[in-house]
A.B. asks: 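Structure in structure tokens, see below.
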Amino acid sequence: MAKIGIYIELDKGTFKKSNRELLSLARQGGHEVCAVMFCADAAPYLDELKGVRTVIQVSGGDLSYQPDRYARTLAALIAEHRLEVLLGSCSAQGKDLFPRLAAMAGAGLVNDCLAVDPAARKAVKPVYSGKLLAEYQVEGGCALFTVRPNVIPVQPAAGAAPEVRAAAMDSGDTPTRIVEVIQAAAQRIDLTEAEIIVSGGRAMKAKENFAVLEDLAQALGAGVGASRAAVDAGFAASDMQVGQTGKVVNPKLYIACGISGAIQHFVGMKTSKVIVAINKDPEAPIFKKADYGIVGDLFTVVPLLKEEIKKVLG
Ligand SMILES: Cc1cc2nc3c(=O)[nH]c(=O)nc-3n(C[C@H](O)[C@H](O)[C@H](O)COP(=O)(O)OP(=O)(O)OC[C@H]3O[C@@H](n4cnc5c(N)ncnc54)[C@H](O)[C@@H]3O)c2cc1C
């Protein structure tokens with residue numbers, strides 16, 4: 001039985017879906033699970049944390065995300081609680097925090113895992129732009145893993161309520177400090193956690209035309225993404241970019257509209273469960289990768305699709 005820690009990520013106080021995935025993974029196999037969260041009060045989240053043995057609530061002072069202070073606090077907690085494994089989400093914050101933590105704690109790290117066996121300290125992750133899957137094993141010290149959102153099925157929280165223990169935030173000086181966080185547009189769905197994504201490419205031709213995709217996305221409860229060509233042309237915001245130099249997404253359904261299917265885009269969405277491509281060129285490479293293809297002009301097809309989906313969903 002391993003002693004497994006989970007770094008719980010809150011988004012403006014909201015318990016992120018990726019936490020539920022990590023908890024589902026850690027609860028398998030009867031391990032001793034310990035959740036670490038940085039918040040003034042863990043009580044509102046305890047229902048989500050059933051089955052976890054201990055919740056370490058880090059509080060005191062400024063709790064805003066400051067990478068060095070968070071990493072030093074976590075490194076101290078790993079040592080104090082003798083955690084053998086620490087899991088986190090491969091989110092923007094996870095990708096920033098875990099490498100610092102690995103350096104501070106002298107721990108091994110595997111980022112962006114598609115599967116993790118915590119007891120064996122093993123993980124599988126894509127390498128070479130997703131061309132290969134490699135298996136890693138972390139030896140010695142605490143094994144750190146960040147897991148790609150949406151790869152682990154969520155099991156409902158079950159079991160006894162956890163014991164809550166208080167811990168103090170590191171108060172030392174920090175060489176780097178986040179001075180401002182610029183929020184994305186208010187209602188935008190986080191693409192890395194979205195279950196459905198509708199994306200547009202260069203074929204969108206103008207920023208205003210993304211309204212066509214937003215209508216479809218609204219009917220589906222989906223997030224809206226974009227290819228780099230669409231972002232570079234100023235049709236879409238940079239936080240919407242999917243691909244090698246954008247976000248890696250893993251939804252249940254990915255609808256690519258007017259996107260050719262270049263490898264750099266494909267690596268960002270290839271693990272989507274179902275890929276639908278809409279393209280007017282029947283030879284477009286995206287059709288070789290899609291589960292379903294519609295040959296046609298997206299400005300005709302997308303509104304029709306929206307109407308049909310609305311009928312089906314009532
Ligand atoms: C180092 C590097 C990193 C990169 N990183 C990324 C990345 O992260 N993400 C990314 O997306 N790209 C990335 N790229 C760019 C990538 O190589 C492609 O250039 C880009 O993905 C192409 O975008 P696109 O498919 O929208 O445009 P295009 O390749 O121009 O394709 C447009 C498609 O729209 C179709 N079309 C046109 N009009 C219509 C219409 N009315 N209806 C339906 N279909 C229509 C066309 O047939 C065509 O297939 C990167 C490139 C490099 C070199």
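Both ligands and their constituent atoms are indexed starting at 1 by order of listing. Computed over heavy atoms, backbone and side chain alike; hydrogens, waters and symmetry mates excluded.
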A.B. asks: What verdict does the side chain to side chain contact (heavy atoms under 4.5 Å, CB included) test give for Lys270 and Ile275, after you've listed the backbone C-alpha separation in whole Å, the side-chain angles of each residue and the deciding distance to 0.1 Å?
C.D. replies: CA-CA 8 Å; Lys270 66 182 281 188; Ile275 298 172; 5.5 Å; no
A.B. asks: Nearest to atom 39 (C) of ligand 1 by heavy atom, Ala203, Gly246, Ala230: which?
C.D. replies: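 Checking each option, the heavy atom nearest atom 39 (C) of ligand 1 is found in Ala203.
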A.B. asks: Regarding Thr176 and Asp68, is there a side-chain donor-to-acceptor distance under 3.5 Å anywhere?
C.D. replies: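 Their side chains do contain a donor-acceptor pair, which is all the 3.5 Å distance test asks for.
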A.B. asks: Quick test of your reading of the structure: of His265, Met204, Gln264, whose heavy atom lies closest to atom 51 (C) of ligand 1?
C.D. replies: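 Residue with the shortest heavy-atom distance to the ligand atom: Gln264.
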A.B. asks: Quiz question: by atom type and distance under 3.5 Å, do the side chains of Ser18 and Glu9 form a donor-acceptor pair?
C.D. replies: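 Distance-only check fails for Ser18 and Glu9.
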A.B. asks: Considering only non-hydrogen protein atoms, determine which one is nearest to atom 25 (O) of ligand 1 and report residue, atom name and distance to 0.1 Å.
C.D. replies: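 Residue, atom and distance for the closest contact: Ser260 N, 2.7 Å.
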A.B. asks: Are Leu77 and Leu101 connected, step by step, through hydrophobic side chains (Ile, Leu, Val, Met, Phe, Trp, Tyr) whose heavy atoms are closer than 4.5 Å?
C.D. replies: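 Result: yes, single cluster for both.
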A.B. asks: List the closest protein heavy-atom neighbour of atom 26 (O) of ligand 1: residue, atom name, distance to the nearest 0.1 Å.
C.D. replies: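 Looking only at protein heavy atoms, the one closest to atom 26 (O) of ligand 1 is Ser227 OG, 2.6 Å.
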A.B. asks: Can you pull the salt bridge (charged side-chain N to carboxylate O under 4.0 Å, His left out) pairs that have at least one residue in residues 221-232, sequence neighbours excluded?
C.D. replies: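 Output for this query lists Arg228-Asp232.
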A.B. asks: Identify the closest protein heavy atom to atom 7 (C) of ligand 1: which residue and atom is it, and at what distance?
C.D. replies: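 Ranked first by proximity to atom 7 (C) of ligand 1 is Gln241 NE2, 3.2 Å.
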A.B. asks: Is a donor from one side chain sitting under 3.5 angstrom from an acceptor on the other, for Thr245 and Gln264?
C.D. replies: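 Short answer, no.
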A.B. asks: Among all the protein's non-hydrogen atoms, which is closest to atom 44 (N) of ligand 1, and how far away is it?
C.D. replies: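 Looking at atom 44 (N) of ligand 1, the protein heavy atom closest to it is Lys280 N, 3.1 Å.
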A.B. asks: For Gly201, take its heavy atoms, then give the atoms of ligand 1 lying under 4.0 Å from any of them.
C.D. replies: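 Contacts of ligand 1 toward Gly201, numbered from 1: 26 (O).
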A.B. asks: Test of understanding: given a 4.0 Å heavy-atom threshold, classify the contact between Ala262 and ligand 1 as side chain, backbone, both, or neither.
C.D. replies: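 Near ligand 1, Ala262 shows its side chain, while the N, CA, C and O stay back.
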A.B. asks: Could you see which bit of Ile286 sits under 4.0 Å from ligand 1, with heavy atoms only: side chain, backbone, both or neither?
C.D. replies: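 For Ile286, there is no contact with ligand 1 at all, from either part.
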A.B. asks: Do Val242 and ligand 1 have an N or O pair less than 3.5 Å apart?
C.D. replies: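 Yes - when backbone and side-chain N and O of Val242 are compared with those of ligand 1, one distance drops under 3.5 Å.
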A.B. asks: Could you tell me if any non-hydrogen atom of Gly296 lies under 4.0 Å from any atom of ligand 1?
C.D. replies: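 Yes.
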A.B. asks: Who's closest to atom 48 (C) of ligand 1 heavy-atom-wise, of Asp281, Asn279, Val248?
C.D. replies: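 The residue whose heavy atom sits nearest atom 48 (C) of ligand 1 is Asn279.
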A.B. asks: Would you call Lys311-Glu307 a salt bridge at under 4.0 Å N-O?
C.D. replies: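 No, this pair does not count.
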A.B. asks: Number the atoms of ligand 1 from 1 as they appear, then name those within less than 4.0 Å of a heavy atom of Asp297, with their elements.
C.D. replies: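 Reading through ligand 1 atom by atom, the close ones are 40 (C), 41 (N), 42 (N).
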A.B. asks: Taking the six-membered ring for Trp and the single ring otherwise, decide whether the centroids of Tyr65 and Tyr70 are under 6.0 Å apart.
C.D. replies: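 Ring centres of Tyr70 and Tyr65 closer than 6.0 Å.
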A.B. asks: If you count the atoms of ligand 1 from 1 in the order shown, which ones are under 4.0 Å from a heavy atom of Thr245?
C.D. replies: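 Those qualifying, in numeric order: 3 (C), 4 (C), 5 (N), 6 (C), 7 (C), 8 (O).
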A.B. asks: At a 4.0 Å threshold, what atoms of ligand 1 neighbour a non-hydrogen atom of Leu298?
C.D. replies: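 Heavy-atom distances to Leu298 below 4.0 Å select 40 (C), 42 (N), 43 (C).
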A.B. asks: Show me which atoms of ligand 1 lie under 4.0 Å from any heavy atom of Gly243.
C.D. replies: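 Ligand 1 atoms under the 4.0 Å threshold to Gly243: 7 (C), 8 (O), 9 (N).
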A.B. asks: What residue and atom, counting heavy atoms only, is the protein's closest point to atom 34 (O) of ligand 1, and at what distance?
C.D. replies: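 Protein heavy atom with the smallest distance to atom 34 (O) of ligand 1: Gly258 O, 3.1 Å.
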A.B. asks: Is Thr73 reaching over with its side chain to a backbone N or O of Met169, donor-acceptor style, under 3.5 angstrom?
C.D. replies: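 Side chain of Thr73 to backbone of Met169: no pair is present.
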A.B. asks: Among Lys17, Lys252, Lys273, Glu193, find the residue that satisfies the side chain to side chain donor-acceptor pair (under 3.5 Å) test when tested with Asn150.
C.D. replies: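 With Asn150 as partner, side chain to side chain donor-acceptor pair (under 3.5 Å) holds for just one option, Lys17.
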A.B. asks: Just go through Met269, Glu283, Arg228, Gln244 and tell me whose heavy atom is the nearest to atom 4 (C) of ligand 1.
C.D. replies: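 Answer by nearest heavy atom: Arg228.
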A.B. asks: Can you pull out the closest protein heavy atom to atom 19 (O) of ligand 1? Residue, atom name and distance to 0.1 Å, please.
C.D. replies: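 For this ligand atom, the closest protein heavy atom is Arg202 NH2, 4.5 Å.
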A.B. asks: Ignoring hydrogens and geometry, is there a side-chain-to-backbone donor-acceptor pair from His31 to Ala2 under 3.5 Å?
C.D. replies: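 Judged by distance alone, yes, a pair lies under 3.5 Å.
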